[in-house]
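Below: the structure, in structure tokens.
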Amino acid sequence: PILYSYFRSSCSWRVRIALALKGISYDLVPVNLIKDGGQQFSAEFKALNPMQQVPALKIDGITLSQSLAIINYLEETHPSPRLLPQDPKKRAQVRMIADHIASGIQPLQNLSVLKQMGEKKMEWAQNCITSGFQALEQILQHTAGRYCVGDEVSMADLCLVPQVANAERFKVDMGPYPTITRINKALLELEAFKISHPSRQPDTPAELRA
């Protein structure tokens, strides 16, 4: 497999965690979203992913984009360890939380959106994350065990950790979100989350390396 990734992209990080958890080795091709006016806009990358976004994964003779679609494919082709619970109610909760983050929070503070916001980008990102986290904290109080849904790592957790990192980058006050903070801390102790971390990627700038 070949993963086209950017060290700081939260969507790429989700996929890196899934690959690490499932023990799938891959080659990483960095796509720098800032350098050269954004390498994702090159003709070569556009041919690979017409949406001009990372991640993209070449695997089993196909090219997939969209992090949740990639993770679902990995789940179906490499079912162990599972990232979707067997219980239909818990599985629905996992998908709900993953969608809440991947559709309801992250795209609103994406690089392409922040560019449009100009000087207001910090305030905009903080507002988007805060309103999303207020809802998420409430949801997690009903679903969480050690992790987002019960005590097994799931697709929801793969979305949570990168989003918390975004929140910290945009200086969001995490005080009002004790459940999110507790789960994030527990997940960051797991090896798969450590090795996939933005501070430990081949394309991480020297000053941001762990």
Side-chain angles (χ1 to χ4, degrees), residues 1-31 33 40 48-107 109-110 132 136 139-140 143-166 180 183-184 186-188 190-198 200-201:
I2 301 171
L3 178 66
Y4 296 81
S5 168
Y6 178 54
F7 80 102
R8 198 175 244 167
S9 151
S10 58
C11 303
S12 298
W13 189 3
R14 294 171 196 157
V15 173
R16 294 196 303 262
I17 300 166
L19 290 162
L21 282 168
K22 292 182 178 289
I24 302 167
S25 58
Y26 59 93
D27 292 324
L28 189 137
V29 176
V31 179
L33 304 187
Q40 71 275 28
L48 193 81
N49 180 10
M51 277 296 278
Q52 299 170 293
Q53 295 170 337
V54 290
L57 182 68
K58 274 187 180 176
I59 189 168
D60 302 335
I62 57 169
T63 302
L64 294 170
S65 60
Q66 298 299 331
S67 61
L68 297 191
I70 294 170
I71 294 164
N72 273 306
Y73 177 77
L74 297 175
E75 178 72 356
E76 287 168 7
T77 54
H78 299 77
S80 181
R82 64 168 178 255
L83 296 175
L84 286 167
Q86 283 180 309
D87 175 70
K89 289 177 184 171
K90 282 188 173 175
R91 199 180 318 155
Q93 288 174 326
V94 165
R95 287 186 165 131
M96 170 180 74
I97 294 163
D99 277 345
H100 180 90
I101 296 167
S103 305
I105 306 176
Q106 187 273 325
Q109 40 95 110
N110 209 347
L136 185 60
I139 291 165
L140 290 173
T143 65
R146 181 163 174 76
Y147 305 122
C148 283
V149 178
D151 298 324
E152 284 185 19
V153 174
S154 71
M155 193 192 294
D157 300 298
L158 275 57
C159 294
L160 182 88
V161 168
Q163 187 53 57
V164 173
N166 281 350
I180 294 174
I183 296 167
N184 183 62
L187 288 162
L188 284 173
L190 303 176
E191 187 61 19
F193 286 78
K194 287 180 187 172
I195 62 171
S196 58
H197 195 279
R200 294 178 64 176
Q201 298 312 301

Determine whether Trp13 and Ser196 make a side-chain contact, defined as any pair of heavy atoms from C-beta on separated by less than 4.5 Å. yes
Go through the steps to decide whether Leu33 and Val54 satisfy the test side chain to side chain contact (heavy atoms under 4.5 Å, CB included), and finish with yes or no. CA-CA 9 Å; Leu33 304 187; Val54 290; 4.0 Å; yes
How about Lys22: does its NZ atom have over 12 heavy atoms from other parts shown lying under 6.0 Å from it? yes
Between Ala18 and Leu74, what is the shortest heavy-atom contact and its length? CB-CD1, 4.0 Å
Before you tell me yes or no, could you show the steps for Val164 and Leu187 under side chain to side chain contact (heavy atoms under 4.5 Å, CB included), namely the whole-Å CA-CA distance, both residues' side-chain angles and the distance that decides it to 0.1 Å? CA-CA 11 Å; Val164 173; Leu187 288 162; over 6 Å; no
Answer whether the closest heavy-atom distance between the side chains of Ser65 and Gln53 falls below 4.5 Å. no
pair Lys194-Glu191: side-chain heavy atoms closer than 4.5 Å: yes
Under 3.5 Å, side chain of Thr143 to main-chain N/O of Val149, donor-acceptor pair present? no
Least distance between heavy atoms, Pro85 atom then Arg91 atom: O-NE, 2.8 Å
As an exercise, state the distance from CG of Leu188 to CG of Asp157, rounded to the nearest 0.5 Å. 11.0 Å
pair Leu68-Cys159: side-chain heavy atoms closer than 4.5 Å: yes
Hey, what do you get for CD (Gln201) to OH (Tyr6), rounding to the nearest 0.5 Å? 12.0 Å
To the nearest 0.5 Å, what is the distance between CG on Leu160 and CD1 on Ile97? 8.5 Å
If you measure from CZ on Arg16 to CZ on Arg200, what distance do you get to the nearest 0.5 Å? 11.5 Å
Close side-chain approach of Leu190 and Tyr147, heavy atoms under 4.5 Å: yes
Rounding to 0.5 Å, atoms OG (Ser12) and CG (Leu57) come to a distance of 10.5 Å
Heavy-atom closest pair (Tyr73 atom, Ile59 atom, distance to 0.1 Å) is CE2-CG2, 3.8 Å
Would you indicate whether the side-chain heavy atoms of Ile139 and Gln93 approach each other to under 4.5 Å? no
Correct closest heavy-atom pair for Thr63 and Leu48 would be CG2-O, 3.8 Å
Is the shortest heavy-atom distance from the side chain of Ile24 to the side chain of Pro1 under 4.5 Å? yes
Step by step, work out the side chain to side chain contact (heavy atoms under 4.5 Å, CB included) result for Gln163 and Gln109. CA-CA 10 Å; Gln163 187 53 57; Gln109 40 95 110; 3.0 Å; yes
Using a distance-only test with no angle check, is there a side-chain donor-acceptor pair under 3.5 angstrom linking Glu152 and Gln86? no
Under 3.5 Å: donor-acceptor pair, side chain of Asp99, backbone of Ser103: no
Grab the two heavy atoms, one from Met155 and one from Ala98, that are nearest each other, plus how far apart they are. SD-CB, 4.2 Å
Apply side chain to side chain contact (heavy atoms under 4.5 Å, CB included) to residues Phe193 and Leu158 and explain how you reach the verdict. CA-CA 8 Å; Phe193 286 78; Leu158 275 57; 4.2 Å; yes
Would you compute the distance between atom OG of Ser9 and atom CD of Gln40 and round it to the nearest 0.5 angstrom? 10.0 Å
Could you check Val15, Leu64, Val31 and say which one makes a side chain to side chain contact (heavy atoms under 4.5 Å, CB included) with Pro55? Val15
Residue pair Val94 / Ala156: nearest heavy atoms and the distance that separates them: CG1-N, 3.6 Å
